[in-house]
Student: 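Below is the structure I would like to discuss, written out as structure tokens.
Just so it is clear: chains get the letters A, B, ... in the order the sequence lines come, proteins before strands, and each one is counted from 1.
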Amino acid sequence: MPPRHFAGDPVPVARGLLGATLVRVLNSGERLSGRIVETEAYDCPRDPACTAGRFHAARSAEMAIAPGHWLFWAAHGHPLLQVACRPRGVPASVLIRALEPLEGRAQMLGFRPVTRERDLTNGPAKLVYALGLNPAQIAGTRVDSPGLHLLPPEGPLNDAAVRVTARVGIREGRTLPWRFTVRGNPWVSPALPSMALVDG
DNA sequence: ACTTCGATGCTCT
DNA sequence: GAGCATCGAAGTA
């Protein structure tokens with residue numbers, strides 16, 4: 001998917017990213033990939049949950065790169081993979097929160113040993129670890145880079161297949177329905193009860 | 001230097 | 001469902 005696809009409002013971009021495939025190609029040539037089953041949108045400055053603009057000056061600069069570039073937001077000491085959306089200078093992004101593993105599952109388990117396989121990539125930091133991503137190496141590169149890129153969904157998911165809820169782990173802006181999951185998919189991150197506010 | 005706060009994950013009940 | 005590890009950034013002094 002070309003960088004220009006991500007320019008603009010991150011909310012529809014996040015919705016449209018469901019069903020896309022995230023592909024990681026290791027130096028050895030081995031492919032690790034997964035289907036995106038959960039995303040969230042963050043959109044400074046209208047978004048109360050987006051703390052980048054208000055509090056984190058240095059991190060805002062990293063987040064406010066040109067559309068269609070990879071970036072990492074750190075939370076609780078964990079790196080979270082995102083795609084920048086708004087024009088350079090405006091912090092806004094889509095957060096990739098969960099994958100359904102496709103290729104290279106054994107290698108992913110090597111990077112991230114888990115006892116229950118369903119825990120392999122069902123969280124935003126989990127998938128970063130499972131793919132063996134080095135933030136310092138990936139951040140700032142284009143989303144169509146050979147090492148880490150996106151393949152478009154085979155067909156757009158219809159509304160019945162998409163569940164729309166509040167975002168995870170935030171205080172401000174918790175009423176905004178900006179989290180998108182593939183309905184019924186077992187690889188979606190563990191849901192909290194308070195999350196089933198908006199049901200689309 | 002010290003404190004607080006997360007866009008999380010892990011390990012128990 | 002709850003408690004804790006964790007770490008960079010920001011606010012306070």
Student: Whole Å only: how far is the CZ atom of A/Arg171 from the P atom of B/dC5?
Tutor: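 That distance rounds to 10 Å.
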
Student: Classify the side-chain pair A/Thr165/A/Arg179 by whether it contains a donor and acceptor separated by less than 3.5 Å.
Tutor: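 Yes, side-chain donor-acceptor contact under 3.5 Å.
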
Student: What nucleic acid atoms does A/His78 come within less than 4.0 Å of, heavy atoms only: base, sugar-phosphate, or nothing?
Tutor: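 Base: the residue A/His78, judged by heavy atoms under 4.0 Å, touches a nucleobase.
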
Student: Taking atom P of C/dG11 as reference, at what distance in whole Å does atom NE2 of A/His56 sit?
Tutor: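 Going from A/His56 (NE2) to C/dG11 (P), I get 9 Å.
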
Student: Rounded to whole Å, how long is the line connecting atom CZ of A/Arg59 with atom C1' of B/dG6?
Tutor: 9 Å

Student: Determine which bases of DNA chain B form Watson-Crick or G-U wobble pairs with both distances under 3.5 Å, and write the result as a 5' to 3' dot-bracket string with | for other-strand partners.
Tutor: ||||||.|||||.

Student: Give the minimum heavy-atom separation between A/Ala52 and A/Met63, together with the two atoms involved.
Tutor: CB-SD, 3.7 Å

Student: Is A/Ala74 touching bases, backbone alone, or none of the nucleic acid, heavy atoms closer than 4.0 Å?
Tutor: nothing

Student: Rounded to whole Å, how long is the line connecting atom CZ of A/Arg112 with atom C1' of B/dT8?
Tutor: 10 Å

Student: Nearest whole angstrom, please: distance from the C1' of C/dG8 to the CE of A/Met63.
Tutor: 16 Å

Student: Charged N to carboxylate O below 4.0 Å: is that the case for A/Arg167 and A/Glu40?
Tutor: no

Student: Does A/Leu95 reach a base, just sugar-phosphate, or nothing at all? Heavy atoms under 4.0 Å.
Tutor: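 Since a base atom lies under 4.0 Å of A/Leu95, the category is base.
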
Student: Roughly how many Å is it from CZ in A/Arg174 to P in B/dG6, rounded to a whole number?
Tutor: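 Taking atom P of B/dG6 as the reference, CZ of A/Arg174 is at 11 Å.
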
Student: Expressed as a whole number of angstroms, how long is the span from A/Arg116:CZ to B/dC12:P?
Tutor: 13 Å

Student: Could you tell me whether A/Asp9 and A/Arg46 have a side-chain N and a carboxylate O separated by less than 4.0 Å?
Tutor: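 So A/Asp9 pairs with A/Arg46 through a salt bridge.
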
Student: May I ask you to decide if A/Ser189's main-chain N or O and A/Glu38's side chain share a donor-acceptor pair within less than 3.5 Å?
Tutor: yes

Student: Answer yes when A/Asp144 and A/Arg4 have at least one side-chain N-carboxylate O distance shorter than 4.0 Å, and no when they do not.
Tutor: no

Student: Tell me the interatomic distance from A/Tyr129, atom OH, to C/dA5, atom C1', rounded to whole angstroms.
Tutor: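 Distance, rounded to whole Å: 12 Å.
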
Student: Please walk me through it: do A/Asp159 and A/Arg183 pass salt bridge (Lys or Arg N to Asp or Glu O under 4.0 Å)?
Tutor: CA-CA 10 Å; A/Asp159 289 343; A/Arg183 186 181 295 279; over 6 Å; no

